[in-house]
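A short worksheet on the structure shown next.
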Amino acid sequence: MSLLRIEQVSHRYGKRRVLSRQAERTVLQDVSLTLEAGTCLGLLGKSGAGKSTLGRILLGLERPKAGRVLFEGRDIYGTHPKDYRQDIQVVFQDSFAAVNPKLTAGQIIAEPLTNFTRLSPEALEQRLITLIEQVGLTGADLAKYPSAFSGGQLQRVCIARAIATHPKLIVLDEAVSSLDMVNKAMILKLLRELKETYDLAYLFITHDVQAVQALSDQFMILEQGQIVGHYPTPQAFDQATDPYVSSIKDAMLATHPRKRTIRK
Ligand SMILES: Nc1ncnc2c1ncn2[C@@H]1O[C@H](COP(=O)(O)OP(=O)(O)OP(=O)(O)O)[C@@H](O)[C@H]1O
Ligand SMILES: [Mg+2]
């Protein structure tokens, strides 16, 4: 059984008001995909293609108008959220917006642990130290507030929070997009290590061809809510010639000539 199956999901956003002239907009149309445990699906597409909407749907946050989302064979919209919440986590692009600035890193990482597990205060403290060290920070960082971290460091805190409950799937919605080159490479390396260690699956949403190649086992291109390309292996994606993939590869080559030889 696959970890995640999305079957013919369609979604549209309705009119905001009854008399609004704004028509309903189809944002996703007949999207199907399968994700196996321990693998990464790279989801590429232009701004507004529907990528984040798909991410929210599989996090259980937005019920699709049609289709099914099966996590370990069970439809998440027919299941009590507590049955899968712990197993599917998310890391967003903007780490500062994703945390409460009034909480310390320790409190931020502890949140899912106190929600989903029953640890004694000592066991919780020990777990927090293990988690923060796992993402390359130190026990002393647990007492710091978000404002004391750089963007890259705070993204590590968000990753520690995401892995705290041993999820099976993490949605990475542009999770490395606002980081500089060095931080991006380090976070991608960390994500790859965590994937191996915990047999984690990722839905990696991005515009970044180089980043997506560093982490993904299969690739999909979403355009105006539809899957217009599916590459089941890194080799297939590398050789892809469809216009969208070519255009983003060309754009990347034009702006960053030195990246031309860099591959996974
Ligand atoms: N809550 C909402 N209500 C109405 N329309 C929405 C809502 N959320 C998203 N949309 C619209 O749905 C479309 C898809 O949005 P979505 O955020 O999924 O795109 P995206 O591929 O993640 O884009 P980006 O790369 O810019 O993050 C867009 O046209 C957007 O304006
Ligand atoms: Mg988005």
Side-chain angles (χ1 to χ4, degrees), residues 4 6-33 35 40-69 76-77 88-99 151 154-155 158-159 162 169-179 184 187-188 191 201-216 218-231 237 240 242-252 255-256:
L4 176 76
I6 293 185
E7 292 180 348
Q8 294 188 297
V9 157
S10 294
H11 196 57
R12 54 184 186 277
Y13 289 109
K15 294 174 187 172
R16 296 230 166 87
R17 287 184 300 273
V18 178
L19 295 176
S20 164
R21 285 196 197 151
Q22 204 184 340
E24 280 199 343
R25 258 203 75 184
T26 299
V27 180
L28 292 172
Q29 199 164 3
D30 276 334
V31 170
S32 298
L33 60 88
L35 185 58
C40 175
L41 167 62
L43 184 67
L44 288 146
K46 289 180 193 154
S47 188
K51 306 181 297 298
S52 296
T53 302
L54 187 62
R56 282 200 299 278
I57 285 174
L58 71 86
L59 284 160
L61 301 175
E62 182 119 19
R63 181 186 280 271
K65 301 286 184 204
R68 297 198 304 166
V69 181
I76 65 168
Y77 289 94
I88 311 179
Q89 296 291 322
V90 62
V91 178
F92 293 106
Q93 173 170 2
D94 183 352
S95 52
F96 288 98
V99 299
L154 193 59
Q155 197 59 307
C158 291
I159 293 169
L169 168 64
I170 301 182
V171 176
L172 302 168
D173 193 345
E174 304 280 5
V176 299
S177 301
S178 55
L179 302 176
K184 187 188 292 185
I187 297 281
L188 285 169
L191 291 168
Y202 295 131
L203 177 74
F204 185 18
I205 296 172
T206 184
H207 297 100
D208 183 332
V209 180
Q210 195 191 17
V212 84
Q213 285 183 306
L215 207 55
S216 307
Q218 58 165 324
F219 303 79
M220 278 188 169
I221 315 293
L222 197 62
E223 205 170 299
Q224 293 183 6
Q226 287 179 293
I227 302 282
V228 294
H230 179 213
Y231 303 95
F237 183 71
D242 83 48
Y244 176 70
V245 181
S246 301
S247 72
I248 45 180
K249 282 181 180 168
D250 287 350
M252 185 187 85
T255 48
H256 299 288

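Each ligand, and each atom within it, is numbered from 1 in the order the structure gives.
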Exercise. Just by distance, do the side chain of Thr206 and the backbone of Val212 share a donor-acceptor pair under 3.5 Å?
Worked result: no

For this session: In sequence, state the C-alpha distance, the side-chain angles, and the governing distance for Met220 and Leu33, and then conclude on side chain to side chain contact (heavy atoms under 4.5 Å, CB included).
Result: CA-CA 9 Å; Met220 278 188 169; Leu33 60 88; 3.6 Å; yes

For this session: Return yes or no for this condition: an N or O of Gly50 is under 3.5 Å from an N or O of ligand 1.
Result: yes

Problem set entry | Numbered atoms of ligand 1 (with element) below 4.0 Å of Val27, judged on heavy atoms | 12 (O), 13 (C), 14 (C)

Problem set entry | Winner among Leu222, Leu44, Thr53 once heavy atoms are compared against atom 16 (P) of ligand 1 | Thr53

Exercise. Given side chains that start at C-beta, do those of Gln213 and Phe219 come closer than 4.5 Å, heavy atoms only?
Worked result: yes

Exercise. From Ser52, does some N, O or S atom reach closer than 2.8 Å to the Mg ion (ligand 2)?
Worked result: yes

Exercise. Below 4.5 Å, heavy atoms only, C-beta onward: do Asp94 and Ser178 meet side chain to side chain?
Worked result: no

Exercise. Looking at Arg56, which atoms of ligand 1 are within less than 4.0 Å of one of its heavy atoms?
Worked result: 8 (N)

Problem set entry | Test item: Leu172 and Leu215 side chains (from C-beta on) under 4.5 Å apart, heavy atoms | yes

Problem set entry | Proximal ligand 1 atoms for Lys46, defined as those under 4.0 Å from one of its heavy atoms | 21 (O)

For this session: Could you check which of Gly55, Gly45, Ser52 puts a non-hydrogen atom nearest to atom 27 (O) of ligand 1?
Result: Ser52

For this session: Please could you name the atoms of ligand 1 that His207 approaches to less than 4.0 Å, counting only its heavy atoms?
Result: 25 (O)

Problem set entry | Check: Tyr202 and Leu41 side chains under 4.5 Å, non-hydrogen atoms | no

